[in-house]
Participant: 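Below you'll find the structure I mean.
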Amino acid sequence: MNMKKITILYYNTNNKSRDTVLNAAIPIDINVTFTHSFQELYETIVSLDEIDIVFIDYEGEEELLKIISAIHKYDEDLVIYVLSSILDDDEQIKIYSSGATEYLNIPINCHVLQARLKNMAGLRDSRRLLYSKTNVLQEEVDKAVSIIKERELESLLLLGRASEYKDRDTGSHILRVGRYSALIMEKLGGSQEDQELMLYSAPLHDVGKIGIPDSILNKESKLTDEEYVIMKTHTIKGYEILSGTKSKYLDAGAIIALSHHERYDGTGYPKGLKASEIPLYGRIVAIADVFDALMSERVYKNSWTLEQTMDYIKTQAGIHFDPKLTNIFLDNIDEALNIIKTLPPKL
Ligand SMILES: [Fe+2]
Ligand SMILES: [Fe+2]
């Protein structure tokens with residue numbers, strides 16, 4: 001691997017060691033840039049990425065400490081050499097603990113300085129190599145994580161489709177329910193992560209239908225009371241299928257499966273929860289699910305017009321649905337209609 005040339009930024013208010021530094025650095029191919037004011041030193045470090053070492057050739061201890069800590073605040077990894085002739089042991093300790101890498105007593109022998117610079121250049125090269133390897137590794141880890149996430153999302157979709165497969169009329173219903181639910185979450189002010197959670201978890205709301213006999217699921221006439229009791233268990237079955245994993249999507253899906261038929265007034269199932277007792281995810285999916293069912297053609301019904309659907313949803317605010325979420329959804333009905341356009345129900 002080709003290493004970049006090392007650059008020293010040399011800060012001095014006297015010129016005592018200037019020639020020694022130049023004579024040590026140039027033969028081993030190290031650049032030296034000079035600066036004489038702290039302002040310029042700091043600006044050069046901030047504006048140039050390629051400074052590797054700062055030489056501070058300075059006598060006042062107080063000032064030195066300030067300079068070192070100002071530099072370190074900006075870049076912790078920068079190597080700082082302090083050249084001085086007057087610091088006693090205690091002062092040197094302070095200089096080291098404030099972040100200096102090396103203290104060099106001047107006058108310093110040019111050959112000694114050169115040997116130290118060579119060592120430092122080697123160290124800097126290995127640090128860069130390590131840094132670039134770390135970056136490459138990080139990129140690979142990120143790639144692997146995104147592939148795993150993609151696979152997880154694919155599996156979620158398949159699980160949702162398995163329930164849809166049994167429920168033969170629904171077409172891309174589950175995908176639209178995911179999109180409307182994410183839309184409501186977005187307009188409610190939910191984070192990107194919350195919106196994504198709704199997008200991928202809401203399609204799992206009816207996974208429990210896998211456990212309902214086809215004779216009930218696809219019955220064209222009205223269900224008997226006993227059949228309706230069995231049908232309602234799809235909420236609990238869905239929860240049982242989806243809960244207890246380490247996936248946040250399945251966790252949210254379990255909550256949604258269990259609570260998407262609860263009603264705001266407490267007359268829903270399976271628990272008869274009321275208002276805010278119903279998990280937010282369930283309250284959101286309830287609106288999305290009913291809206292999509294009304295707008296789609298099913299075995300037992302034709303699709304409703306948008307006006308009929310909106311009127312019905314409005315009348316159900318505070319009865320079936322959370323009134324605040326209902327308003328949010330109806331206020332953004334244009335975006336919901338765009339979702340239908342991009343994912344039309346199967347004819
Ligand atoms: Fe359901
Ligand atoms: Fe549904």
Side-chain angles (χ1 to χ4, degrees), residues 156-185 197-220 222-223 227-243 249-250 252-264 266-273 278-304 309 312-313 316 320-322 325-326 329 336 339-340 343-346:
L156 291 174
L157 192 62
L158 290 181
L159 193 56
R161 267 199 210 140
S163 67
E164 210 175 37
Y165 190 74
K166 284 202 74 183
D167 202 359
R168 61 191 153 97
D169 329 283
T170 44
S172 40
H173 164 72
I174 58 164
L175 297 179
R176 288 191 303 274
V177 170
R179 299 272 298 271
Y180 306 134
S181 301
L183 172 70
I184 297 173
M185 182 56 96
L197 202 62
M198 294 310 295
L199 181 66
Y200 294 109
S201 305
L204 302 171
H205 62 279
D206 273 342
V207 155
K209 284 188 178 171
I210 292 169
I212 304 296
D214 289 358
S215 55
I216 296 177
L217 208 53
N218 293 315
K219 189 174 174 189
E220 293 188 16
K222 200 171 179 290
L223 297 181
E227 285 168 339
Y228 191 50
V229 168
I230 296 171
M231 183 63 163
K232 288 200 283 192
T233 62
H234 81 275
T235 51
I236 298 163
K237 288 189 162 76
Y239 178 80
E240 286 169 355
I241 291 169
L242 300 171
S243 59
Y249 300 105
L250 292 176
I255 294 170
I256 290 167
L258 189 64
S259 59
H260 72 287
H261 286 291
E262 298 289 0
R263 293 166 56 101
Y264 200 76
T267 61
Y269 62 87
K271 294 184 178 169
L273 300 177
I278 308 166
L280 174 66
Y281 299 164
R283 276 179 276 148
I284 290 177
V285 174
I287 298 173
D289 193 26
V290 170
F291 172 76
D292 198 67
L294 295 178
M295 293 289 288
S296 315
E297 205 167 313
R298 297 258 168 129
V299 192
Y300 47 85
K301 69 171 239 335
N302 290 324
S303 59
W304 287 17
T309 305
Y312 176 77
I313 288 182
Q316 290 300 310
H320 188 162
F321 308 127
D322 179 328
L325 298 176
T326 309
F329 184 67
I339 294 170
I340 299 187
L343 284 168
K346 242 191 253 166

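Every heavy atom of this structure was used, including side-chain atoms; hydrogens, water molecules and symmetry mates were not. First listed ligand is number 1; within each ligand, the first listed atom is number 1.
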Participant: For a side chain to side chain contact (heavy atoms under 4.5 Å, CB included) check, start with the C-alpha distance between Gln316 and Ile287, then their side-chain angles and the critical distance, and finish with the verdict.
Facilitator: CA-CA 10 Å; Gln316 290 300 310; Ile287 298 173; over 6 Å; no
Participant: Quick one: ring pair (Phe, Tyr, Trp, His ring centres under 6.0 Å) partners of Phe321, sequence neighbours excluded?
Facilitator: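 If we apply the ring pair (Phe, Tyr, Trp, His ring centres under 6.0 Å) test to Phe321, skipping adjacent residues, there are no hits.
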Participant: Tell me the protein N, O or S atoms under 2.8 Å from the Fe ion (ligand 1), in chain and number order.
Facilitator: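 Only Asp206 OD1, His234 NE2, His260 NE2, His261 NE2 fall inside 2.8 Å of the Fe ion (ligand 1).
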Participant: Give a yes or no on whether the backbone of Glu240 and the side-chain of Lys237 come within a donor-acceptor separation of less than 3.5 Å.
Facilitator: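 Answer holds: no.
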Participant: CZ/Arg176 to CG/Asp292 distance, rounded to the nearest 0.5 angstrom?
Facilitator: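 Arg176 CZ to Asp292 CG: 4.0 Å, rounded to 0.5 Å.
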Participant: So if I apply the side-chain contact (heavy atoms from CB on, under 4.5 Å) rule between His234 and each of Ile216, Ile210, Leu217, Asp206, which one comes out positive?
Facilitator: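 Exactly one option meets the side-chain contact (heavy atoms from CB on, under 4.5 Å) with His234, and it is Asp206.
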Participant: Please check: side-chain N/O of Glu262 versus main-chain N/O of Leu273, any donor-acceptor pairing under 3.5 Å?
Facilitator: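 The answer is yes, because a donor-acceptor pair under 3.5 Å joins these two groups.
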